[in-house]
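Single-structure report; data block below.
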Amino acid sequence: MNRRIKAIPPSLTLAINARAAAMKEKGEDVVSLSAGEPDFDTPQPVKDAAIKAIREGQTKYTASVGMPSLRRAIAEKLLEENGLRYDHTQVFVSVGAKQCLFDIIFCLCDEGDEVLVPSPCWLSTPEMVKLSGATPVLVPCTEEKHWQLTADAVKKAWTPRTRMIVINSPNNPTGAVYDEKELTAIGKFCVEKKIFVISDEIYERMVYDGRKHHSILALVPELREQAAVVGGFSKTWSMTGWRVGYAAAPKDVVDACDRLQGHVTANTATPSQHAALAALVLDDSSTDHMIGEFDKRRRFCVDRIRKIPGVSCVEPHGAFYILIRVNGLYGKGVAGKKVTDSLSFCEALIDREKVAAVPGVAFGAPDHIRISYATGLAMLEKGLDRLEKFVRGLA
Ligand SMILES: Cc1ncc(COP(=O)(O)O)c(C=O)c1O
């Protein structure tokens with residue numbers, strides 16, 4: 001085994017999902033609150049575009065970095081919606097935002113480099129950094145500051161080895177939407193210290209309570225020569241299985257990713273690219289409807305969690321996740337089994353109440369568990385009722 005792959009743990013989210021799936025298969029009434037994908041269907045015109053492409057024989061390789069028409073449409077979207085001007089040659093398309101992130105990190109980082117990762121964080125980011133040979137350095141975000149990343153925390157974590165920072169707002173798993181002032185201060189610091197910025201904006205449309213999503217690249221235009229914006233189709237258009245993501249970056253970075261992709265995956269599936277092209281010209285109605293539903297569920301969950309004794313949560317303003325603080329219950333137990341950390345909490349929760357949640361330790365939040373509200377209200381109600389029953393049964 002390669003020594004880098006040996007250092008990568010399996011995904012705890014996938015482990016919990018697999019356990020929930022196995023229980024469901026046996027006919028058990030499992031409530032899954034661990035999903036990382038919208039429960040809505042892909043919009044019909046998007047599916048139709050892929051079917052049409054297949055019927056018309058659009059089933060061959062494209063350029064590794066995607067069809068020029070899709071890259072052009074993404075460049076237009078970035079200008080219109082995000083205020084970021086890119087030529088289509090500075091845009092590349094990949095197998096999900098995931099591959100875009102991996103490509104950029106892998107192409108730009110080396111052994112000896114440090115990469116700042118605000119924490120709690122999406123569990124794949126530190127692992128991608130490790131695969132590149134660089135070292136992830138977690139930058140603490142706290143509940144007191146509503147999980148906001150602060151410029152002070154970034155400055156404290158900086159060392160002369162800092163090569164990159166990966167910012168993710170709206171954030172998975174905290175639901176934080178970083179504010180304009182902090183993002184601007186962080187961006188200016190990155191310019192001063194020549195830190196490459198990746199802005200993972202995959203949840204850009206999922207913001208609530210009148211909050212606004214800000215791209216750090218638009219707030220600090222001087223960053224543009226040392227930054228990449230990453231986005232995708234998985235969340236906004238419920239297209240997780242189609243595997244299309246994109247990034248815009250300086251031309252030399254795109255060229256490096258092109259070389260890497262050319263040897264590793266080549267293009268993402270051609271029919272999926274046609275689907276993505278159709279998604280970009282859709283009106284906002286399906287996405288707006290989904291976000292309206294997420295917002296109702298978010299408010300329901302926050303109210304309901306606050307009624308459960310012994311747990312708490314910070315109200316999230318973005319994405320579709322909530323971190324629930326459960327460490328006040330560590331040390332208690334049920335039926336002779338002690339809950340000592342987020343992992344044993346989630347294991348006992350699924351064993352006793354058949355509710356799947358993700359242990360916060362997977363995200364660098366050992367005092368919490370993560371639930372997702374990308375599931376219907378009836379399920380959420382059932383899941384949170386069971387969580388309350390579980391918590392009340394701990395002694
Ligand atoms: C923060 C974050 N970035 C990137 C991704 C990757 O999305 P995809 O590869 O499906 O486009 C995810 C998926 O859950 C995510 O949560």
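We count residues from 1, following the sequence as given. Read the numbers this way: they start at 1 and go in the same order the structure lists the ligands and their atoms.
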Sequence neighbours left out, cut at 3.5 Å: what donor-acceptor pairs do the side chains of residues 259-266 make with other protein atoms?
{"unit_1": "Gln261", "atom_1": "OE1", "unit_2": "Ser94", "atom_2": "OG", "d": "2.1"}
{"unit_1": "Gln261", "atom_1": "NE2", "unit_2": "Ser64", "atom_2": "O", "d": "2.9"}
{"unit_1": "Gln261", "atom_1": "NE2", "unit_2": "Val93", "atom_2": "O", "d": "3.3"}
{"unit_1": "Thr265", "atom_1": "OG1", "unit_2": "Gln99", "atom_2": "NE2", "d": "3.0"}

Taking a 3.5 Å cut-off between nitrogen or oxygen atoms, can you list every pair linking ligand 1 to the protein, with distances?
{"unit_1": "ligand 1", "atom_1": "3 (N)", "unit_2": "Asp200", "atom_2": "OD2", "d": "2.6"}
{"unit_1": "ligand 1", "atom_1": "9 (O)", "unit_2": "Ala97", "atom_2": "N", "d": "3.2"}
{"unit_1": "ligand 1", "atom_1": "9 (O)", "unit_2": "Lys98", "atom_2": "N", "d": "3.0"}
{"unit_1": "ligand 1", "atom_1": "9 (O)", "unit_2": "Arg243", "atom_2": "NH2", "d": "2.8"}
{"unit_1": "ligand 1", "atom_1": "10 (O)", "unit_2": "Ser234", "atom_2": "OG", "d": "2.6"}
{"unit_1": "ligand 1", "atom_1": "10 (O)", "unit_2": "Arg243", "atom_2": "NH1", "d": "2.8"}
{"unit_1": "ligand 1", "atom_1": "11 (O)", "unit_2": "Ala97", "atom_2": "N", "d": "2.7"}
{"unit_1": "ligand 1", "atom_1": "11 (O)", "unit_2": "Ser234", "atom_2": "OG", "d": "3.3"}
{"unit_1": "ligand 1", "atom_1": "14 (O)", "unit_2": "Lys235", "atom_2": "NZ", "d": "2.8"}
{"unit_1": "ligand 1", "atom_1": "16 (O)", "unit_2": "Asn172", "atom_2": "ND2", "d": "2.8"}
{"unit_1": "ligand 1", "atom_1": "16 (O)", "unit_2": "Tyr203", "atom_2": "OH", "d": "2.8"}

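Dense packing is recorded around NZ of Lys47, with more than 12 heavy atoms of other residues, nucleotides or ligands lying under 6.0 Å away. Taking a 6.0 Å sphere around CD of Glu25, one finds it holds 12 or fewer heavy atoms contributed by other residues, nucleotides or ligands.
In this structure, Tyr86 has its ring center at least 6.0 angstrom away from the ring center of Tyr246.
No side-chain heavy atom of Glu37 sits under 4.5 Å from any side-chain heavy atom of Ser234.
Salt-bridge formation is not detected for the pair Asp303/Arg306: no Lys NZ or Arg NE/NH1/NH2 atom is positioned less than 4.0 Å from an Asp or Glu carboxylate oxygen.
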